[in-house]
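A note on names: the letters A, B, ... follow the listed sequences, proteins ahead of strands, and every chain is numbered from 1.
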Number of protein chains: 2
Amino acid sequence: MQTPTLRDVADAAGVHPATASRALNPATRGLVNAETARRVMKVAEGLGYRPNPIARGLKTSKSGTVGLVIPDLTNPLFPPIVRGIEDVLEPAGYSGLIVNTDNDPQRESAQIELLRSRQVEGLIVATALIDHPLLARLRREGVPMVMVNRRPDGVDLPSITPDDAAGIELAVAHLVALGHTRIGHLAGPLTTSTGVARRRAFRNAVRDRDLDGDPALVVTCEHWTEESGADALRELLDRRPDVTAVVAGNDLIALGCYDVFAERGIACPDRISVVGFNDMPFLDKLAPPLTTISVPHQQIGAEAARMLLDAIAEPDRAARSVLLPLSLVLRGSTAPPAMGA
Amino acid sequence: MQTPTLRDVADAAGVHPATASRALNPATRGLVNAETARRVMKVAEGLGYRPNPIARGLKTSKSGTVGLVIPDLTNPLFPPIVRGIEDVLEPAGYSGLIVNTDNDPQRESAQIELLRSRQVEGLIVATALIDHPLLARLRREGVPMVMVNRRPDGVDLPSITPDDAAGIELAVAHLVALGHTRIGHLAGPLTTSTGVARRRAFRNAVRDRDLDGDPALVVTCEHWTEESGADALRELLDRRPDVTAVVAGNDLIALGCYDVFAERGIACPDRISVVGFNDMPFLDKLAPPLTTISVPHQQIGAEAARMLLDAIAEPDRAARSVLLPLSLVLRGSTAPPAMGA
DNA sequence: TTGAAAGCGCTAACAC
DNA sequence: GTGTTAGCGCTTTCAA
């Protein structure tokens with residue numbers, strides 16, 4: 001036996017399919033005799049009827065799906081975000097279609113095309129490319145969209161991001177409280193809004209506190225990876241061997257620092273302190289456990305999904321942007337500077 | 001302007017929609033005059049026509065989607081599997097719909113219902129619940145399905161799993177080569193096929209090598225978590241303080257051991273060696289870096305997707321099960337037993 | 001309150 | 001080789 005259709009239910013209940021449709025849909029149930037409605041619902045239940053959202057979608061041009069555009073699910077940053085998104089989407093009757101772009105603009109366009117052809121009702125975009133004509137086009141075409149982890153540059157789009165500036169403030173304040181004055185920053189790639197924002201915040205924090213503002217103390221990484229982080233730290237150490245603390249652009253970059261520490265026999269935190277950013281899983285198991293800025297990823301995802309659902313419901317509502325507060329997670333990779341350092 | 005439909009293309013090309021359909025579909029393009037086909041395609045291109053898979057699906061009753069049932073995307077085990085799946089699905093024109101079950105049977109049923117109502121053409125199931133009437137029902141209803149990371153118990157279903165027995169063999173052989181004879185095992189929950197398989201493999205390995213076969217050396221964890229792993233190790237140490245090496249059911253359990261080492265001041269690997277299982281990311285940054293069994297997760301996902309696509313194409317093909325070979329990743333958490341231990 | 005009829009966008013017989 | 005017709009399963013006018 002095939003899975004029953006609305007017709008089957010209608011026939012079995014002795015009503016017209018249209019009536020069955022009305023009875024089964026909570027929104028239109030009021031239009032139908034309560035008694036009839038009850039009967040139809042019972043029959044549907046008995047037959048194991050499940051509405052076919054494809055057919056419904058064809059009629060209503062609503063697919064009940066939204067697209068999630070992320071760089072790479074394998075990056076530990078994203079699973080909690082996706083989870084947060086799904087947790088909100090599901091009760092709302094929506095499903096998420098995930099695509100990975102690997103931060104390749106071509107792939108990104110292609111994937112977004114794919115999602116659009118699949119009739120997604122909106123997009124949650126978490127890729128980090130800072131500039132994108134595609135964005136403007138989607139915007140113009142009226143595709144509901146929200147950005148995650150990045151501020152839309154120039155385009156008026158809702159976004160939900162961690163408060164990068166506040167996070168960096170937290171990190172610098174902590175190091176200063178420990179007594180550091182020569183603090184370096186390993187910035188993320190400046191092609192990403194996050195990299196830019198954190199670097200700016202770092203510079204401001206240093207300036208506000210009259211710390212050593214030598215530009216040599218800020219090194220920019222090519223990628224958000226351990227390798228880039230390691231390269232950057234090597235460069236920093238070559239330029240300013242007297243640096244006593246480092247604010248890493250994110251945890252991966254901080255992890256790269258650990259490699260350099262091992263390679264050069266540098267004691268952390270005795271000789272150099274490090275602060276990460278994001279609080280990926282298992283950082284507490286490192287030696288030393290990494291002090292870092294904790295970002296509520298799952299909450300970010302949930303909030304993004306809520307905003308997208310809002311945008312779908314009310315396309316004309318003004319774009320609202322949310323900055324989520326962060327916190328410092330104190331662990332073992334930070335300590336007062338070595339005496340005489 | 002709305003997104004153009006097949007009709008628009010047909011009108012613009014001066015042909016009937018059916019002809020346009022044939023011209024646009026590579027499979028039926030042969031039925032149409034090459035010249036006409038070219039013209040239609042050009043017009044479609046020019047108009048930015050994208051076929052609507054919902055409408056197509058309604059007609060062909062193919063949704064182009066498959067369901068991915070996983071416990072929790074947030075568990076580092078799954079992202080690479082999902083990525084592997086997506087990488088195979090996408091070029092085949094399929095998309096994956098992910099649901100998280102949190103290993104809650106109720107939620108699992110509900111989520112599978114959801115997927116079915118979304119007309120998925122098949123299911124990739126990676127949840128670990130060992131016994132499930134649902135499975136048999138789906139099987140009966142002819143839903144193409146493949147299991148990942150678990151062997152279907154009793155049901156004749158394709159599955160793709162790491163070769164758990166071989167992995168445990170590798171771990172035990174390594175420890176024995178180092179000189180260990182009193183080796184403990186912290187087994188995963190016996191409600192999971194993986195937990196059972198690894199425990200059995202451990203016992204076999206111990207028996208085959210005439211090692212200490214004291215049942216007290218095997219402790220079962222309640223969950224695949226750090227906490228459970230820590231609890232289990234404490235129990236093991238209480239029962240057999242002379243144990244010199246531990247094979248953990250997976251990396252998370254091994255991580256729990258690290259906590260106990262810290263808590264009790266036990267030197268690893270000097271006093272106790274540990275081997276993990278899975279090779280999650282960043283294990284090389286631990287102190288000591290964790291020796292573990294590497295599982296090709298992404299490959300598992302890719303293989304699973306390929307098998308599902310096959311099953312969808314040829315529903316009657318016999319279920320094939322694949323065991324993927326594993327390898328030992330030697331790092332710092334294993335060493336010869338302390339002298340006199 | 002319910003039924004009839006049309007149609008969402010596409011494809012598959014079947015005819016020409 | 002191409003057009004005609006019908007219909008996938010559902011919702012939504014419109015009329016009764």
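- Here the options are A:Leu323, A:Ile300, A:Thr194, the test is side chain to side chain contact (heavy atoms under 4.5 Å, CB included), and the partner is A:Pro162; only A:Ile300 passes.
- Atom-to-atom, NZ of B:Lys62 to P of D:dG9 comes out at 14 Å; the value is rounded to the nearest Å.
- Which of C:dT1, D:dC10, C:dT11 sits closest to the side chain of B:Leu6 comes down to C:dT11.
- Rounded to whole Å, atom C1' of D:dT11 lies 15 Å from atom CD1 of B:Ile54.
- Taking CZ from A:Arg56 and CG from A:Asn52, the interatomic distance works out to 9.0 Å, rounded to the nearest 0.5 Å.
- Here side chain to side chain donor-acceptor pair (under 3.5 Å) pairs that include residues 301-311 of chain A, with residues two or more places apart or in two chains, are A:Glu303-A:Arg306, A:Asp310-A:Arg317, A:Asp310-A:Arg320.
- Where B:Ala55 and B:Val32 meet DNA chain D, the nucleotide closest to each residue was compared, and B:Val32 sits on the side nearer the 5' end.
- Backbone-only engagement by B:Thr36 is indicated by non-hydrogen atom pairs under 4.0 Å involving sugar-phosphate atoms exclusively.
- A:Thr5 comes within 4.0 angstrom of sugar-phosphate atoms only, judged by non-hydrogen atoms across all strands, and of no base.
- Looking at A:Arg22, its side chain comes within 3.5 Å of the base of C:dG3 through a donor and an acceptor atom.
- Side chain of B:Arg83 to main chain of B:Gln298: no donor-acceptor pair is present (N/O by atom type, distance under 3.5 Å, no hydrogens or angles).
- Here C:dT11 presents its P atom at 12 Å from CZ of B:Arg29, a figure rounded to the nearest Å.
- Contact between the side-chain N/O atoms of A:Thr19 and the OP1/OP2 oxygens of C:dG3 is found at a separation under 4.0 Å.
- The end-to-end axis angle of the helix from C:dT1-D:dA16 to C:dC16-D:dG1, rounded to 10 degrees and based on five pairs per end, is 40°.
- The distance from atom CZ of B:Arg7 to atom P of C:dT11 is 15 Å, rounded to the nearest whole Å.
- Rounding to whole angstrom units, NE2 of residue B:His16 and P of C:dA13 are separated by 17 Å.
- Atom-to-atom, CZ of B:Arg56 to C1' of C:dC8 comes out at 16 Å; the value is rounded to the nearest Å.
- Residue A:Leu58 contributes atom CG, which lies 12 Å from atom C1' of C:dT11 at whole-angstrom precision.
- In terms of phosphate contacts, B:Ser21 brings a side-chain nitrogen or oxygen within less than 4.0 Å of OP1 or OP2 of C:dT11.
- Applying side chain to side chain contact (heavy atoms under 4.5 Å, CB included) to A:Met147 and the options A:Leu135, A:Thr161, A:Ile160, A:Val69 leaves one that passes, A:Leu135.
- With rounding to whole Å, B:Asn52 atom CG is found 14 Å from C:dG7 atom C1'.
- In this structure, B:Pro53 reaches neither bases nor backbone, as no heavy-atom distance under 4.0 Å exists between it and the strands shown.
- Taking only distance into account, the side chain of B:Lys59 never meets the base of C:dG9 through a donor-acceptor pair shorter than 3.5 Å.
- In this structure, A:Glu113 does not pair ionically with A:Arg116, as no charged nitrogen and carboxylate oxygen lie closer than 4.0 Å.
- Look at A:Arg39 and A:Glu35 and you find no salt bridge, because none of the NZ, NE, NH1 or NH2 atoms lies under 4.0 Å from a carboxylate O.
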